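This report concerns only the one structure given below.
Both counts, for ligands and for their atoms, begin at 1 and track the order of listing. Please read these numbers as outputs of a predicted model, since none were measured by experiment. Note: hydrogens, waters and symmetry copies are ignored here, and every other heavy atom, side chains too, is used.
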Amino acid sequence: MTQATLYPVPETIKQRAHVTNEQYLEMYRGSVEQPEAFWNEHGKRLDWIKPYTQVKDTSFALGNVSIKWFADGVLNASVNCLDRHLATRGGQVAFYWEGDEPGVEKKVTYRELYEETCQLANAMRALGVGKGDRVTIYLPMIPQAAVALLACARIGAVHSVVFAGFSPDALGSRITDCDSKLVITTDQALRGSRATNLKDNTDIALAHLGDANPVQNVIVIKHVGKPIDFHQGRDLWYHELIAAQPKECAPEPMNAEDPLFILYTSGSTGKPKGVLHTTGGYLVYASMTHQYVFDYHDGDIYWCAADVGWVTGHSYIVYGPLANGASSVMFEGVPTYPSVKRIAQIVDKYQVNILYTAPTAIRALMAHGETPVEGTNLNSLRVLGSVGEPINPEAWNWYHDKFGKGNCPIVDTWWQTETGGILITPLPGATALKPGSATRPFFGVKPAIVDNEGKTVTGAGEGNLVITDSWPGQMRTLYGDHERFEQTYFSTYPGSYFTGDGSRRDEDGYYWLTGRVDDVLNVSGHRLGTAEIESCLVAHEAIAEAAVVGYPHDIKGQGIYVYVTPRVGVEPSEDLTKAIRAWVREEISPIASPDLIQWAPAGLPKTRSGKIMRRILRKIAANEHDQLGDISTLADPSVVEILVNNRLNRK
Ligand code: WT7
């Protein structure tokens, strides 16, 4: 392997940084050798109603997995994000909101955010929503999304945000899984001038649930002004509700281990999993990582261009930055509307110092050469961030040169919905960078690489990435299914948390994430289970069996390659192929839209015991059919030849 170029820490960054390399090494050692003492100290970054006396109480032992941090402490997350800033920064902007259309914008100060949060919290209490109740939030990137999360936190309700790109059925199944009493949504979402009717989708979702519908009320935010069907007695206008409420609301005292939110994510099997995060450890970890990983300082303008529907939005648009009293940009739209210059223009407009986005967005811009930065200045930028998938060195270099002008460190942050916050990442003032490497663990994080037998790989090597001890931001369970939680994360390599990712570690101890080792796809940074898409496909009347695999895609990272066997009597056609693509978009989401659909009338390659051999399907999809390996265990090797001959990815 050729030596990767090393980018040392720029001097100007080092001078103002929270930690230098020497400090990182010392703090890291302390954090893993004496986690109790380390987190006892750093837990104090929050305001506690009743300070904790216990710090770490965790076990990864299969059959007895239990994770508790700061267990006897009492706090409220919204108080930490709002109230405690009022005296010093009530008039400071919390969010510079930039609408989908340029020129549509709004500023929200900490005081305004506090008052509106209290009003909504009071309104929810008046509707009978209280501590422990679940609330589903189905909103685009508007300031009320932050208000909705914080209002739930204020009264101890557990929020479950469903990404606004999900279909009515996906919304409905997430509502019933956690038994939500209340949905908060809006008339319409706008992204790149395309509108999605979120209230209509909610109506459809609830109608489909029929008697199983647990929802008593739907709060509707008037955002675009599109007319909606109003269900008397169930639906309520947000602006009418909050106008009637006082701008103060007593916060619910929450135990550190009381649930803060559920966020559904895709696994390798079965239906989406409700990842559950609790209050104290999550907030300590989200706020601490936000400060150190982005080297955030008071007065910085910070922009995380993610969506609140994903964990990145939870931890690094809402909870982390607000707990730290940051001023953030919140963007409703997409990087390419009205032109590919939009990101750079927003950076200049708000003089953004820290920009956090995804490799897929960078690659989409990179395809346009210089244009995305033409006529812009970008001199305010100091730190750049990347998240969601491995960033390829070409995209890293483009981001570094065009946005960073060669002098902004890129923090390539590796983490997951399950981890609550960033686990492997450079720190701007401490870490020399190698393009494509997420580098080293954050404080308190103990990664290890194991082979398929679970044997630990020491020194430089490659294998499966596990984490051998708990950190405060870790998920606590899968909502309503602790058994599945243990099976999914703690049974593969007993005693460790299994990430589902592969990784290499080089001679400097740097980690290079190589992608999922399970049947989970990462399409444009969106996580999708192959099983989920397959079960959607076989629910279509024309399809007998289906297999879904990922293949390398220039912009999306991974594309979705679908093999489908028609039912007897069904004749594959272009129209049917189109109809199947539309079916997946409607049933799950446009983000799950198959890129390539190959008909397999002769069936799929199976072992003699009837198991589909995905390894072979992945090779064909990747156009690597000359490396199929051993196919002698197949029941009928001839189907492979037919699939290879009709393959769709031929570049
Ligand atoms: C999966 C988690 C973390 C918030 C967004 C995605 C992949 C994420 C990186 C990175 C390589 C990455 C992993 C991980 N991933 N960040 N910097 N380098 N891979 O959260 O939907 O839970 O997906 O995204 O495969 O397991 P998520």
Side-chain angles (χ1 to χ4, degrees), residues 161-163 165-166 261-268 272-277 285-286 289-290 293 304-320 356-363 384-393 395-396 399 410-426 431 433-442 445 447 464-467 473-475 478 488-489 497-505 510-530 532 550 556-558 589 591-592:
V161 180
V162 177
F163 175 55
F166 277 125
F261 67 86
I262 299 165
L263 187 56
Y264 287 88
T265 191
S266 300
S268 49
K273 306 176 286 195
V275 168
L276 185 106
H277 284 285
Y285 198 77
T289 46
H290 172 259
V293 172
C304 168
D307 192 285
V308 73
W310 311 115
V311 74
T312 311
H314 285 59
S315 301
Y316 299 114
I317 294 178
V318 179
Y319 289 111
Y356 190 28
T357 186
T360 187
I362 297 162
R363 287 191 302 263
L384 302 173
S386 172
V387 62
E389 57 177 308
I391 178 165
N392 48 311
W396 195 101
Y399 195 30
I410 297 179
V411 289
D412 174 3
T413 62
W414 175 85
W415 58 298
Q416 311 177 296
T417 305
E418 292 89 338
T419 70
I422 295 163
L423 294 198
I424 301 183
T425 178
T431 315
L433 306 173
K434 299 181 191 181
S437 172
T439 77
R440 305 183 293 194
F442 189 74
V445 175
N464 306 297
L465 181 68
V466 300
I467 314 291
Q474 184 172 24
M475 72 184 288
L478 286 171
T488 308
Y489 303 104
Y497 166 79
F498 178 41
T499 64
D501 277 325
S503 181
R504 183 165 75 78
R505 186 175 47 221
Y510 277 30
Y511 289 84
W512 299 73
L513 280 298
T514 51
R516 301 289 305 195
V517 294
D518 53 12
D519 289 321
V520 169
L521 305 182
N522 190 328
V523 180
S524 300
H526 299 313
R527 181 165 155 181
L528 295 163
T530 51
E532 215 177 322
K556 299 178 173 185
Q558 270 189 314
S589 164
I591 61 178

At the 4.0 Å heavy-atom cut-off, does Ala438 count as touching ligand 1?
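Judged by the 4.0 Å heavy-atom criterion, Ala438 does not count as contacting ligand 1.
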At a 4.0 Å cut-off, with the gap strictly under it, does some heavy atom of Trp415 reach an atom of ligand 1?
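Contact check Trp415 vs ligand 1: positive.
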Please check: side-chain N/O of [X] versus main-chain N/O of [Y], any donor-acceptor pairing under 3.5 Å?
X	Y	result
Ser503	Tyr511	no
Ser589	Gly165	yes
Ser386	Ala358	no
Thr530	Asp519	yes

Quick test of your reading of the structure: of [options], whose heavy atom lies closest to [atom]?
atom	options	result
atom 5 (C) of ligand 1	Val517, Thr312, Leu263	Thr312
atom 27 (P) of ligand 1	Thr425, Thr417, Val411	Thr417
atom 16 (N) of ligand 1	Ala306, Gly388, Ser266, Ser315	Gly388

Considering only heavy atoms, does Glu389 approach ligand 1 within less than 4.0 Å through its side chain, its backbone, both, or neither?
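It is the backbone that gets close, since no side chain atom is under 4.0 Å.
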Answer with yes or no whether the side chains of Tyr356 and Thr413 bring together a donor and an acceptor at under 3.5 Å.
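There is such a pair between these side chains.
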Would you check if there is a donor-acceptor pair between the side chains of Glu418 and Tyr489 at a distance under 3.5 Å?
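Judged by distance alone, the side chains do pair up.
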Taking only heavy atoms of [X] into account, list the atoms of ligand 1 that are under 4.0 Å away from them.
X	result
Thr413	9 (C), 10 (C), 16 (N), 17 (N)
Arg527	2 (C), 21 (O), 22 (O), 23 (O), 27 (P)
Val311	4 (C)
Asn522	7 (C), 24 (O)

Report yes if [X] has an N/O atom closer than 3.5 Å to an N/O atom of ligand 1; otherwise report no.
X	value
Thr265	no
Gly525	no
Ser386	no
Asp501	yes

Does a side-chain heavy-atom distance below 4.5 Å link Trp414 with Asp412?
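No, their side chains stay 4.5 Å or more apart.
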Would you say Leu423 and Tyr285 make side-chain contact, with heavy atoms under 4.5 Å?
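When only atoms from C-beta onward are counted, Tyr285 and Leu423 do touch, with a gap below 4.5 Å.
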Using the ring of each side chain (for Trp, its six-membered ring), is His314 parallel, tilted or perpendicular to Phe261, with breaks at 30° and 60°?
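His314 and Phe261: tilted rings.
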For a ring pair (Phe, Tyr, Trp, His ring centres under 6.0 Å) check, start with the C-alpha distance between Tyr316 and Trp415, then their side-chain angles and the critical distance, and finish with the verdict.
CA-CA 12 Å; Tyr316 299 114; Trp415 58 298; 5.1 Å; yes
Which protein non-hydrogen atom lies closest to atom 11 (C) of ligand 1, naming both residue and atom, and how far is it?
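For this ligand atom, the closest protein heavy atom is Pro390 N, 3.1 Å.
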